[in-house]
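Notes follow once the structure below has been shown.
None of these values were measured; they are calculated from a predicted model. Letters A, B, ... are given to chains in the order of the sequence lines, protein chains preceding strands, and every chain is numbered from 1.
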Number of protein chains: 2
Amino acid sequence: MRILIVEDEPGIFNFLKQGLEEESYAVDIAEEGKKGLEMALSGEYDLLLLDWMVPGVSGIEICRQFRKDFKDTPVIFLTAKDTVDETIFGLQTGANDYIKKPFHFEELLERIKVQLRPKSGEHSVFKLGNITLNTSTHQVFKAEEEIALTQKEFALLEYLIRNKGLVCRRSRIIESVWDIHFDYNTGVIDVFINALRNKLKLGKEENYIQTVRGVGYIAKEL
Amino acid sequence: MRILIVEDEPGIFNFLKQGLEEESYAVDIAEEGKKGLEMALSGEYDLLLLDWMVPGVSGIEICRQFRKDFKDTPVIFLTAKDTVDETIFGLQTGANDYIKKPFHFEELLERIKVQLRPKSGEHSVFKLGNITLNTSTHQVFKAEEEIALTQKEFALLEYLIRNKGLVCRRSRIIESVWDIHFDYNTGVIDVFINALRNKLKLGKEENYIQTVRGVGYIAKEL
DNA sequence: TTTGCGCCATGAGAATTTTAATAGTAGAAG
DNA sequence: CTTCTACTATTAAAATTCTCATGGCGCAAA
């Protein structure tokens, strides 16, 4: 999932960029309104985080322009406490949510997830090369052949495919798939990656799940 | 967790009540403003859901009065689309969030969870009789003795204790602890309840985890 | 190119989790 | 009070998941 942040304060956008990237979002920054609008209109993004007060074109103007072309992409405003009442105007121009500064990162994350959920929920079928994964039936196919996977194997594959093309860090995999948030020190991931590669018969020609040395794994088309 | 809904339309409050109770919240309804304020001020609730347009004392007035005594209890407004701009005024008077009608139940649920999270996060130690469960160290004690539990055993016990005093339906347990949201047809819960009762040595005198025939289980003080 | 280090792959065994079968029990019906 | 039925308790075995040890391999430095 790609997120565009339009925000001029480095303290804030660096904090956001780092945090969101750790959550496996792909993040771009625009420090100024005109550039932000231009990037937003490129259509590359799944969600916009707009600062209310940004130099150049205002956040609300970006939102309005953006909405002309993109009716479904969620927009969240970051607003200072004392401009909350203006922000409501932003909501009327098509923003989906706003969050008051200072905010807890966790809360922002929740709101982002809420906004992105309906869209990702629509698609219950994901593809990776000739592999098809269906989250509603919990089935996996390699070409025409159904592959029987266990719960954890399925969950791991789903995580990798949902983040197709993005490097998945071990720590993030452990958190998302195993729900372990504390002293992480285990080799389970390797074992299950191994199991997936075997069951899916991924040889050298079909190396869809690649190792990223020192970091984790990545699922990608060849 | 106890939630008070102040809302006059039966169609809405019944829908909310049922949905939230399925999520193991305890829900009360006030169909009218004066009664709603009175109930809110009783201090029994962990969260308020206020309709903006409610007969008698207005939602915003309830919120303002309530805030005088309860600084930390979250308040969420349910607002019709065409009164959004007034709602901002509600946010300024101390509401924590609002949601536009018509809304997706899932989204409301997320927002409720967000608001309740910080409070429940504060406490990492839960008690049930002489049993102590610590979520940050992942330890469980029966009186002074530490009891070694496996992951699933711990998760199940945590779920039961977090919902202490409330009946936990099998379907909810399966969803929360096992993360299974589809055709549920298994006897795992029974097996793990059994394991917990054994490990915690719950005899007839210390029947902290009781069976609710046909529904599920309940953890309660004696 | 060779060496050395550290990370990853792999396989086997241990522990946990799940299934499935049987026995037991509460509550309804007769 | 007895019987029947449906649900729960308990146990053992099967399946999955996890740990651990060993060997292999990539990458960097010499």
Using nucleotides 15-21 of chain C, report all nitrogen or oxygen pairs with the protein that are shorter than 3.5 Å.
{"residue": "dT17(C)", "atom": "OP1", "partner": "Lys152(B)", "partner atom": "N", "Å": "3.0"}
{"residue": "dT17(C)", "atom": "OP2", "partner": "Thr150(B)", "partner atom": "OG1", "Å": "2.2"}
{"residue": "dT18(C)", "atom": "OP1", "partner": "Trp178(B)", "partner atom": "NE1", "Å": "3.3"}
{"residue": "dT18(C)", "atom": "OP2", "partner": "Trp178(B)", "partner atom": "NE1", "Å": "2.5"}
{"residue": "dT19(C)", "atom": "OP2", "partner": "Thr186(B)", "partner atom": "OG1", "Å": "2.5"}

Restricting to side chain to side chain donor-acceptor pair (under 3.5 Å), what partner residues turn up for [X], sequence neighbours left out?
{"X": "Arg197(B)", "result": "Thr211(B)"}
{"X": "Arg2(B)", "result": "Asp28(B)"}
{"X": "Glu146(A)", "result": "Gln139(A)"}
{"X": "Ser171(A)", "result": "none"}

Spacing between [X] atom [atom1] and [N] atom [atom2], to the nearest angstrom:
{"X": "Ile209(A)", "N": "dA9(C)", "atom1": "CD1", "atom2": "P", "result": "11 Å"}
{"X": "Asn207(B)", "N": "dA26(C)", "atom1": "CG", "atom2": "P", "result": "12 Å"}
{"X": "Arg169(B)", "N": "dT8(D)", "atom1": "CZ", "atom2": "P", "result": "13 Å"}
{"X": "Leu196(A)", "N": "dT16(D)", "atom1": "CG", "atom2": "C1'", "result": "14 Å"}
{"X": "Asp190(B)", "N": "dT11(D)", "atom1": "CG", "atom2": "P", "result": "14 Å"}
{"X": "Asn194(B)", "N": "dT8(D)", "atom1": "CG", "atom2": "P", "result": "14 Å"}
{"X": "Ile189(A)", "N": "dT19(D)", "atom1": "CD1", "atom2": "P", "result": "11 Å"}
{"X": "Arg170(B)", "N": "dA9(D)", "atom1": "CZ", "atom2": "C1'", "result": "11 Å"}

Taking the side chain as everything from C-beta on, heavy atoms only, tell me whether Thr150(B) gets closer than 4.5 Å to Lys199(B).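 Thr150(B) vs Lys199(B): side chains touch.
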Would you list the atom pairs, donor with acceptor, under 3.5 Å between side chains in residues 202-209 of chain B and any protein atom, with sequence neighbours excluded?
{"residue": "Glu206(B)", "atom": "OE1", "partner": "Lys142(B)", "partner atom": "NZ", "Å": "2.9"}
{"residue": "Glu206(B)", "atom": "OE2", "partner": "Asn130(B)", "partner atom": "ND2", "Å": "3.3"}

side-chain N/O Tyr217(B) vs dA9(D) OP1/OP2, d < 4.0 Å: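 Yes, within the criterion.
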Quick check on dA9(C): is either OP1 or OP2 less than 4.0 Å from any side-chain nitrogen or oxygen of Thr211(A)?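 True: Thr211(A) side-chain N/O within range (under 4.0 Å) of dA9(C) OP1/OP2.
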Contact class for Phe154(B) vs. all strands (heavy atom < 4.0 Å): base, sugar-phosphate, or nothing?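 Nothing, no nucleic acid heavy atom in range.
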Excluding sequence neighbours, so at least two apart, what forms ring pair (Phe, Tyr, Trp, His ring centres under 6.0 Å) with Tyr217(B)?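 With neighbours one apart ignored, the set is empty.
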Five-pair end axes of the helix from dT1(C)-dA30(D) to dG30(C)-dC1(D) and the angle they enclose, rounded to 10°: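 Both end axes considered, the difference amounts to 30°.
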Is any NZ, NE, NH1 or NH2 atom of the basic residue among Lys127(B) and Glu221(B) found under 4.0 Å from an Asp or Glu carboxylate oxygen of the other?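 No.
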Under 6.0 Å from the NZ atom of Lys35(A), do we count more than 12 heavy atoms belonging to anything else shown?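 Count not over threshold, so no.
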I want to confirm an ordering. Mapping Val212(A) and Asn198(A) to their closest nucleotides on DNA chain C, which one lands closer to the 5' end?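 The residue mapped nearer the 5' terminus is Val212(A).
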When you check every protein heavy atom under 4.0 Å of nucleotides 24-30 of chain D, what one-letter string (B, S, -) results, 5' to 3'? --BS---
For Ile218(A), check side-chain contact (heavy atoms from CB on, under 4.5 Å) against everything at least two apart and list the hits.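 Result, side-chain contact (heavy atoms from CB on, under 4.5 Å) vs Ile218(A): Val167(A), Gln210(A), Val212(A), Lys220(A).
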Mind checking what makes side-chain contact (heavy atoms from CB on, under 4.5 Å) contact with Glu31(A), not counting sequence neighbours?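 Result, side-chain contact (heavy atoms from CB on, under 4.5 Å) vs Glu31(A): Phe13(A), Ile29(A).
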Would you mind listing every side chain to side chain donor-acceptor pair (under 3.5 Å) that reaches into residues 5-16 of chain A, with sequence neighbours excluded?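 Applying side chain to side chain donor-acceptor pair (under 3.5 Å) to every pair that reaches into residues 5-16 of chain A, excluding sequence neighbours, yields nothing.
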